[in-house]
Amino acid sequence: MTARPTAYITTPIYYVNDRPHIGHAYTTTLCDVWARAMRFAGRDVFFLTGTDEHGVKVEKSARERGIDPQALADENAAEFERVLEVFGLTNDDFIRTTQSRHVRQVQAFVKRLLEMDAVYLGEFEGWYDEGQEEYVTENRARETDYTSPISGRPLVKATEKNYYFRLSAFQERLEAFFEANPGFVRPEARRNEVLGRLRDGLQDVPITRTNFSWGIPFPDDEQHVIYVWIDALLNYATALGMAEDDGDAGGRHRYWPADLHVIGKEILWFHAVIWPAVLMALDLPLPTCVYAHSFWISEGQKMSKSLGNFIDLPTIERYMDTYGLDAWRWYMVVQGPLGATDADFQAAGFHETYTTDLVNTVGNCASRTTAMIGKYFDGVVPADAGTVFEGWDLPGAAATAFERWTAAMATFALDDACEAAIGLLRTVDAFINATEPFKVAKDESRRDELASILARCAEAVRIASMLLSPILPAKMAELRAALSIDLDVANGGLAEQAAWSDRLAGSTVTKVALFPRIEAPQDA
RNA sequence: GGCGAUGUAGCUCAGCUGGUUAGAGCGAAGGAUUCAUAAACCUUAGGUCGGCGGUUCGAGUCCGCCCAUCGCCA
């Protein structure tokens with residue numbers, strides 16, 4: 001028995017000091033679509049998400065509420081886990097940076113970095129704002145005349161010993177790596193940003209702090225706490241047990257390295273440069289791709305606390321109540337900021353996308369096809385009588401859609417994959433309009449022709465439903481039920497399922513209305 | 001302030017190495033039709049391709065400057 005090819009996809013770990021909002025839901029949804037698609041395509045998938053729980057902000061928030069930081073982390077991590085459930089997301093693990101499996105492995109990794117001389121104890125001198133408990137850069141300090149921009153009090157010259165990661169030592173290897181792997185950072189615009197900054201030269205980065213204690217202690221020097229990036233980035237490795245000293249007892253090493261780290265653009269630098277450098281230092285294989293999407297804005301404006309226009313969890317749940325979970329997924333994937341520019345979340349746009357794509361195209365095409373089979377063939381799919389329709393090749397269209405879908409999924413062009421699938425249904429619609437089965441049905445002598453039309457429509461709809469299943473899992477399950485297909489789309493078989501066949505002939509079909517028409521929202 | 005990107009029909013965007021009447025989807029208007037969720041179908045919409053200048057026989061498509069928006073960095 002040969003091992004199936006693996007696929008390892010990750011979201012960033014979400015900071016527990018935040019409340020879940022559309023940004024988190026979006027990233028995780030994208031990963032979920034891809035994970036489902038890869039499972040269906042037969043790959044051995046590991047889909048990871050989790051929470052980042054250390055750091056000064058969590059420590060501070062907890063202190064303000066008079067509770068233990070761990071208690072705060074537990075509370076908010078539970079909220080993030082609830083999101084996964086509400087959205088029906090299919091992650092294989094949920095890692096938390098306060099879990100002992102993570103803590104001990106981070107320490108092991110850091111020890112290794114020390115041994116390799118990739119981490120060293122260095123001294124930092126800078127302008128310190130005592131009120132804010134933070135350093136300001138020389139430039140910023142000069143701008144404010146060496147006083148605190150907040151309190152106005154003079155800044156003090158302070159020195160601090162910290163452990164540094166020798167990032168500068170990896171300049172050439174990183175440049176060579178980027179050269180050899182043009183697809184490492186995507187989309188292209190983001191790659192260019194990284195390359196530009198790389199050209200400016202790399203500086204070593206501190207990886208420990210001493211001004212707070214809520215974090216993983218530095219091995220053998222516990223007054224230092226490992227700073228966010230090393231702690232957080234390593235989750236991708238610790239979740240697979242890459243630094244456990246039990247070998248591969250968890251059986252997850254086969255997933256390493258990640259095929260895809262999906263992130264938001266704000267953390268690109270860490271993933272695109274620091275992360276591969278750390279892995280080079282650890283002598284671990286590098287991930288295939290870091291995909292940095294952009295942000296959602298809301299009704300034309302940046303989301304902010306002061307504007308109160310955050311698309312938060314309750315807002316999202318309202319949309320899901322009205323339009324359904326699958327409709328939410330569709331909007332995220334089709335209208336979202338997969339590219340280099342931000343996308344605008346609009347109530348009117350949501351409604352329009354729902355109506356145009358799901359009601360008028362997917363739902364309607366399934367409806368008219370199943371309705372005609374019900375009306376003209378008593379609900380039993382006829383066998384294709386082989387009639388030739390000049391200029392129409394549905395099997396060919398299905399094969400093309402499948403190829404395009406496959407290529408799109410391979411490059412995380414999820415919107416394009418959706419387009420490929422729905423395009424096949426548009427072809428079915430056009431085929432019906434051109435061949436006019438509803439007229440053919442009036443002539444008993446054209447029975448074969450009618451059977452050929454509807455058999456082909458049903459088969460194309462079936463194949464489209466396969467391609468749509470990772471994006472619209474619940475609705476496509478409904479459609480499969482209406483076509484009397486019993487199928488597990490989560491465990492391989494895509495290529496076989498997406499191939500043109502006559503398997504529907506003789507099966508019973510019921511008319512479906514997958515996406516109910518919904519009245520446009522009043523406001524806006 | 002440095003580097004980079006973008007600016008094309010009401011909206012969202014295509015337009016590769018410059019070449020006849022600048023495209024698609026959605027929206028809007030009109031028409032025709034009924035298998036279907038008042039859906040699908042047909043036709044239409046006349047946008048100085050951000051502005052100015054330049055290169056060229058010829059420029060959304062190249063160059064310069066300017067304006068606007070955005071991103072990364074400082």
Side-chain angles (χ1 to χ4, degrees), chain A residues 136-143 185 187-203 264-273 292-295 297 299-302 323-324 327 331 334-346 348-377 379 415-416 418-419 422-423 425-442 450 453-454 457-458 461 475 478-479 482 509-520 524:
Chain A
V136 297
T137 63
E138 178 65 33
N139 283 339
R140 184 64 55 81
R142 197 184 302 122
E143 279 172 22
V185 174
E188 180 100 16
R190 296 269 103 88
R191 174 174 193 263
N192 291 337
E193 280 177 15
V194 173
L195 289 179
R197 198 167 155 192
L198 203 53
R199 270 193 297 274
D200 292 341
L202 295 172
Q203 294 189 328
K265 61 183 177 180
E266 83 282 11
I267 51 177
L268 177 61
W269 182 251
F270 304 98
H271 283 79
V273 174
H293 67 244
S294 301
F295 296 150
I297 61 174
E299 304 290 350
Q301 289 187 298
K302 205 172 202 168
Y323 295 95
Y331 184 68
V334 169
Q335 298 291 324
L338 259 181
T341 50
D342 293 346
D344 193 8
F345 189 100
Q346 296 179 305
F350 191 108
H351 187 268
E352 182 184 304
T353 299
Y354 174 78
T355 303
T356 301
D357 292 344
L358 300 181
V359 179
N360 293 354
T361 305
V362 178
N364 188 57
C365 183
S367 174
R368 68 198 302 205
T369 300
T370 52
M372 281 190 279
I373 292 169
K375 192 171 282 188
Y376 306 139
F377 290 94
D415 49 353
D416 207 38
C418 289
E419 185 50 42
I422 203 171
L425 294 177
R426 289 202 190 94
T427 303
V428 171
D429 272 335
F431 178 63
I432 293 172
N433 294 332
T435 56
E436 301 181 305
F438 39 88
K439 283 184 183 165
V440 176
K442 289 172 182 163
L450 184 63
I453 295 169
L454 293 180
C457 288
V461 167
K475 291 298 182 177
E478 250 181 68
L479 180 52
V509 162
T510 46
K511 187 184 163 184
V512 278
L514 295 173
F515 298 95
R517 191 164 296 279
I518 290 167
E519 271 191 54

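Chain identifiers are assigned alphabetically (A, B, ...) following the order of the sequence lines, protein sequences preceding nucleic acid strands; residue numbering begins at 1 within each chain.
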So what's [N] paired with, Watson-Crick or G-U wobble, going by both distances under 3.5 Å?
{"N": "B/C65", "value": "B/G51"}
{"N": "B/A24", "value": "B/U12"}
{"N": "B/C41", "value": "B/G31"}
{"N": "B/G60", "value": "none"}
{"N": "B/G71", "value": "B/C3"}

When you measure from the side chain of [X] to the backbone N and O of [Y], does any donor-acceptor pair fall under 3.5 Å?
{"X": "A/Thr370", "Y": "A/Val509", "value": "no"}
{"X": "A/Thr355", "Y": "A/His351", "value": "yes"}
{"X": "A/Asp415", "Y": "A/Val334", "value": "no"}

Taking only the side-chain heavy atoms of [X] (C-beta and beyond), determine which of [options] contains the nearest atom.
{"X": "A/Phe438", "options": "B/C41, B/U37, B/U34", "result": "B/U34"}
{"X": "A/Lys265", "options": "B/U37, B/G71, B/U34", "result": "B/G71"}
{"X": "A/Glu193", "options": "B/G71, B/C26, B/C35", "result": "B/G71"}

Under 4.0 angstrom, heavy atoms only, what part of the nucleic acid is [X] near: base, sugar-phosphate, or nothing?
{"X": "A/Arg190", "value": "sugar-phosphate"}
{"X": "A/Lys511", "value": "sugar-phosphate"}
{"X": "A/Leu268", "value": "nothing"}
{"X": "A/Arg517", "value": "base"}

If you assign each of A/Asn192 and A/Asp342 to its closest nucleotide in RNA chain B, which residue comes earlier from the 5' end?
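Looking at the nearest nucleotide for each, A/Asn192 comes out on the 5' side.
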Specify the residue among A/Lys439 and A/Arg199 whose closest nucleotide of RNA chain B lies further upstream toward the 5′ end.
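Here A/Arg199 is the residue nearer the 5' end.
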Taking the same atom, P, in B/G19 and in B/A59, what whole-Å distance lies between them?
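To the nearest whole Å, 11 Å.
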Search all heavy atoms of A/Phe377 against all heavy atoms of A/Leu454 and return the closest pair with its distance.
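Between these two residues, the closest heavy atoms are CE1-CD1, 3.8 Å.
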For A/Pro187 versus A/Leu338, what's the shortest heavy-atom pair and its separation?
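Minimum heavy-atom contact is CG-O, 4.1 Å.
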In residues 369-377 of chain A, which ones come under 4.0 Å of RNA chain B, going by heavy atoms?
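Of all residues in residues 369-377 of chain A, the ones placing a heavy atom under 4.0 Å from RNA chain B are A/Ala371, A/Met372, A/Lys375, A/Tyr376.
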Heavy atom of residues 359-367 of chain A under 4.0 Å from RNA chain B: which residues?
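Residues of residues 359-367 of chain A that come under 4.0 Å of RNA chain B are, in numerical order, A/Val359, A/Asn360, A/Gly363, A/Asn364, A/Ser367.
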A/Arg197 side chain N/O closer than 4.0 Å to the phosphate oxygens (OP1, OP2) of B/C73?
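So the side chain of A/Arg197 is within the cut-off, an N or O lying under 4.0 Å from OP1 or OP2 of B/C73.
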Glycosidic conformation of B/G27, taking syn as within 90° of 0 and anti otherwise:
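You should classify B/G27 as anti.
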Taking only Lys NZ, Arg NE, NH1 and NH2, and the carboxylate oxygens of Asp or Glu, determine whether A/Arg426 and A/Glu419 approach each other closer than 4.0 Å.
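A salt bridge is present here (some side-chain N lies under 4.0 Å from a carboxylate O).
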With a 6.0 Å cut-off on the ring centroids, do A/Tyr354 and A/Tyr331 count as close?
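No.
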